[in-house]
Structures are given as structure tokens and as C-alpha cells.
Amino acid sequence: MTDTSGKPQNTAAFHGQAVASFAVAMAATAIGIFKLNADAWVRAFLGIAVLYLVTSAFTLAKVIRDRQEAAERGAYHPFEKL
């Protein structure tokens with residue numbers, strides 16, 4: 001039986017590649033900051049900056065996804081809660 005909903009689905013391989021890529025990027029960044037020849041406060045600042053960047057990227061991705069899903073349903077009204 002085929003899926004006729006029209007909604008594209010990601011494969012398990014694509015999901016695994018995305019998770020692995022994220023893990024490698026975070027590990028490489030953490031190692032780079034840890035090995036950086038700088039004071040501890042500079043490394044700590046960079047570590048916090050990376051964590052802030054990651055959380056804001058996840059939030060942005062969620063907002064974009066929610067907006068696209070609402071637009072597909074025809075129910076997107078950005079100022080409806082005001």
C-alpha cells in the first residue's frame with residue numbers, strides 16, 4: 001500500500017545522516033574550543049556562544065516548520081493572537 005497523503009517522508013538513512021552530521025559537528029567544535037590556546041574564560045565564552053547558536057538554530061527550524069505547516073492548512077495568521 002502506498003502513502004497518498006502527499007506529505008514527503010524522510011528515510012531512516014537521511015535521518016541517521018543528519019544526526020551523525022550534527023554529532024560530528026558538535027564534537028569537532030567542542031574539541032576545537034577545548035584545544036584552543038587561550039584563557040579558560042575565552043574557551044568558556046566560545047562554548048556558551050556555540051550552545052546559544054545551536055539552541056537558536058533549533059528554535060528557528062521549529063518556527064519555520066510550524067509556519068510552513070500552517071500555510072499548507074491555509075490557517076497561517078501571524079497576528080491572530082494580538
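Fair warning: this is a prediction, and the values are worked out from it, not measured in the lab. Numbers here are sequence positions counted from 1. Any value given below was found using the heavy atoms of this structure, including those in side chains, with hydrogens, waters and symmetry copies removed.
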Going hydrophobic residue to hydrophobic residue with side-chain gaps under 4.5 angstrom, can you get from V50 over to F34? no
State, with a plain yes or no, whether a side-chain heavy atom of T55 is found less than 4.5 Å away from one of L51. no
Identify, with sequence neighbours excluded, every residue that meets side-chain contact (heavy atoms from CB on, under 4.5 Å) alongside T11. A13, F14
State the [atom1]-[atom2] distance between [X] and [Y], to the nearest 0.5 angstrom.
X   : Y   : atom1 : atom2 : result
F45 : D39 : CZ    : CG    : 14.0 Å
L60 : R65 : CG    : CZ    : 12.0 Å
R43 : L36 : CZ    : CG    : 7.0 Å
L53 : F58 : CG    : CZ    : 10.5 Å

For K35, all residues meeting side-chain hydrogen bond (donor to acceptor under 3.5 Å, both in side chains), sequence neighbours excluded: none
